[in-house]
2 protein chains.
Amino acid sequence: MTEGSKRRLKMWIRLLGVTRRAEGELREYLRLTHDTTLPRFDVMAALYRRRDGLTMGELSRMLLVSNGNATVVVDRLEKDGLARRIPSETDRRAVSVVLTPEGLAAFEAQAAGHEVEVTRLFARLSDDDVDAITDILKRAEKT
Amino acid sequence: MTEGSKRRLKMWIRLLGVTRRAEGELREYLRLTHDTTLPRFDVMAALYRRRDGLTMGELSRMLLVSNGNATVVVDRLEKDGLARRIPSETDRRAVSVVLTPEGLAAFEAQAAGHEVEVTRLFARLSDDDVDAITDILKRAEKT
DNA sequence: GTTCGAAATTTCAAACTTGAAATGAATCCG
DNA sequence: CGGATTCATTTCAAGTTTGAAATTTCGAAC
């Protein structure tokens, strides 16, 4: 196709590679150090940010995963006592998912190392590089 | 943590979001228009670039997936007549995976639309933005 | 040439993920 | 009100993905 297409394709390949590699390293960190997985961490991170609870729908939209996926991950967290479903008082279709105190403590332990890992993974970039990527990608997403 | 950690974390979140969204759109395109999946497309793209064949190991390293994963995806492509395993003549442990003529034709049809999709997904970025991301991420990966 | 560690692949169980269908509940509107 | 539509969630089958174990082969050091 056009010149611009080729450039964007090249960028996409690079983006995908960097993301996959970083995900792999973070997965390894979570597995070796905390015996957990990336999807579990992602769900817990979302619940941590919104301490007052999230519905299943909010959760799956926030993490960009399917409804069915959110269901099973929350199922497992609940079975392990890290999260809890609380029926909504105003809408009998909905539930509010929250971290248990155990879940909150576990997440804080995981998050500290996670942040260290992310910093290590992108240590080669200058602060300006980091901000540039953030800004450009933010612009790309503006919907 | 430090200021730099927070910045990198923010960038990582953004990177992950953009990548997931784009993957979702590309997955949808491949499913609706070509009745195939992203992992199959990825494997076929790798085989297309290296027409003379790739070993299973090269394939999994190139795509950053596990060995076991490469095995099942190639299994399915082979069952559908799109790829073929050819035993290496020099190393009886290794195989060379190649696209069949049908696989090559199918990939070319898929790739054209894929490129259009990628271009559409990143249409909001200027050419300079695109090059900036590519350059910075290339620097981030230098190992 | 034997042996031993490394390499290439497959197999396997468990977890993840999707998209579609099913269920039950809320809302809208005539 | 009553019917239809939409919404929130779960269930389900099929496919993807991982990491570890098993198998077979290679290659290098003796």
Side-chain angles (χ1 to χ4, degrees), chain A residues 16 19-21 23-44 53-80 82-97, chain B residues 16 19-21 23-44 53-80 82-97:
Chain A
L16 200 51
T19 304
R20 291 235 177 110
R21 227 178 297 271
E23 280 187 321
E25 304 253 7
L26 294 173
R27 192 191 336 276
E28 190 180 7
Y29 157 72
L30 289 171
R31 178 173 52 86
L32 296 180
T33 310
H34 296 285
D35 193 30
T36 188
T37 66
L38 210 38
R40 290 166 66 106
F41 179 82
D42 287 344
V43 166
M44 292 174 76
L54 283 170
T55 68
M56 296 300 294
E58 288 171 328
L59 201 47
S60 61
R61 277 190 298 279
M62 196 174 287
L63 301 180
L64 300 172
V65 300
S66 65
N67 283 348
N69 188 4
T71 295
V72 307
V73 176
V74 171
D75 282 351
R76 286 194 228 274
L77 288 178
E78 207 167 20
K79 185 157 46 186
D80 291 348
L82 300 173
R84 206 155 75 82
R85 279 179 174 89
I86 299 173
S88 161
E89 308 210 338
T90 61
D91 186 340
R92 260 182 303 178
R93 295 170 304 178
V95 299
S96 186
V97 188
Chain B
L16 200 50
T19 304
R20 290 234 177 112
R21 227 177 298 272
E23 280 188 321
E25 304 255 6
L26 294 173
R27 190 192 338 275
E28 190 180 8
Y29 157 71
L30 290 171
R31 177 172 54 86
L32 296 180
T33 311
H34 295 285
D35 192 32
T36 188
T37 66
L38 210 39
R40 290 166 65 106
F41 179 82
D42 286 345
V43 166
M44 291 174 77
L54 282 171
T55 68
M56 297 300 294
E58 287 171 329
L59 202 47
S60 61
R61 276 190 299 278
M62 198 172 286
L63 302 181
L64 299 173
V65 300
S66 65
N67 283 347
N69 188 5
T71 295
V72 306
V73 176
V74 170
D75 281 352
R76 285 195 228 272
L77 288 178
E78 208 168 19
K79 184 156 46 186
D80 291 347
L82 301 173
R84 207 156 74 81
R85 281 179 172 90
I86 298 174
S88 161
E89 307 210 338
T90 61
D91 185 340
R92 260 182 303 181
R93 295 169 303 178
V95 299
S96 187
V97 188

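These numbers were taken from a predicted model, which means no experiment stands behind them. As a basis for the values below, the full set of heavy atoms in this structure was taken, side chains included, without hydrogen atoms, waters or symmetry mates. Here is how names work: the chains are called A, B, and so on, in the same order as the sequence lines, proteins then strands, and each is numbered from 1.
When the side-chain nitrogen and oxygen atoms of B:Arg92 are compared with OP1 and OP2 of D:dC26, one or more of them lie within a distance under 4.0 Å. The phosphate of D:dA20 has OP1 or OP2 within less than 4.0 Å of a side-chain N or O from A:Arg31. Within the structure, every side-chain polar atom (N or O) of B:Arg93 is placed at least 4.0 Å from both OP1 and OP2 of D:dT23. Side-chain nitrogen and oxygen atoms of A:Thr55 include at least one within less than 4.0 Å of the OP1 or OP2 phosphate oxygen of D:dT9. Contact check, B:Arg76 against D:dT16: a side-chain N or O comes under 4.0 Å of OP1 or OP2. Between A:Arg85 and D:dT10 there is a side-chain polar atom (N or O) within less than 4.0 angstrom of OP1 or OP2. Contact between the side-chain N/O atoms of A:Asn69 and the OP1/OP2 oxygens of C:dC16 is not found at any separation under 4.0 Å. Of the side-chain N and O atoms in A:Ser66, none sit less than 4.0 angstrom from OP1 or OP2 of C:dG19.
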| Residue pair A:Leu16, B:Glu23: steps toward the side chain to side chain contact (heavy atoms under 4.5 Å, CB included) verdict | CA-CA 9 Å; A:Leu16 200 51; B:Glu23 280 188 321; 3.3 Å; yes
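The CZ atom of A:Arg92 sits 11.0 Å away from the OG1 atom of A:Thr90 when rounded to the nearest 0.5 Å. Taking CG from B:Leu59 and CZ from B:Arg61, the interatomic distance works out to 10.0 Å, rounded to the nearest 0.5 Å. To the nearest 0.5 Å, the span separating CZ on A:Arg40 from CG on A:Leu30 amounts to 10.5 Å.
Heavy atoms of A:Val72 sit under 4.0 angstrom from at least one base atom. Across all strands, B:Ser88 comes closer than 4.0 Å to no nucleic acid atom at all (heavy-atom distances). At a threshold of 4.0 angstrom between heavy atoms, the contacts of B:Thr37 are confined to the sugar-phosphate backbone, with no base atom among them. Among the protein residues, A:Asp91 comes within range of the sugar-phosphate backbone only, with heavy atoms under 4.0 Å from sugar or phosphate atoms but none that close to a base. Within 4.0 Å of B:Gly57, counting heavy atoms only, lie sugar-phosphate atoms of the nucleic acid but no base atom.
With rounding to whole Å, B:Arg40 atom CZ is found 16 Å from D:dT17 atom C1'. Between B:Tyr29 atom OH and C:dT18 atom C1' the separation is 19 Å, expressed in whole Å. In this structure, B:Glu28 atom CD and C:dA20 atom P are separated by 9 Å, rounded to whole Å. With rounding to whole Å, A:Leu38 atom CG is found 8 Å from C:dT17 atom P. Going from atom NZ of B:Lys79 over to atom C1' of D:dT16 covers 14 Å, rounded to whole Å. To the nearest angstrom, P of C:dC12 lies 16 Å from CG of B:Asn67. One interatomic measurement links the two molecules: CZ of B:Arg27 to P of D:dT17, which rounds to 8 Å at whole-angstrom precision. In this structure, CG of B:Asp42 is placed 8 Å from P of D:dT17, rounded to the nearest angstrom.
Ranked by how close their nearest DNA chain D nucleotide is to the 5' end, A:Arg20 and A:Thr71 are led by A:Thr71. Where B:Pro39 and A:Asp75 meet DNA chain D, the nucleotide closest to each residue was compared, and A:Asp75 sits on the side nearer the 5' end.
Distance from the side chain of A:Val65 is smallest to C:dT18 among C:dT9, C:dT18, D:dT9.
When all heavy atoms of A:Asn67 and A:Ser60 are compared, the pair lying nearest together is OD1-OG, 2.9 Å. When all heavy atoms of B:Val97 and B:Ala83 are compared, the closest pair comes out as CG1-CB, 4.4 Å.
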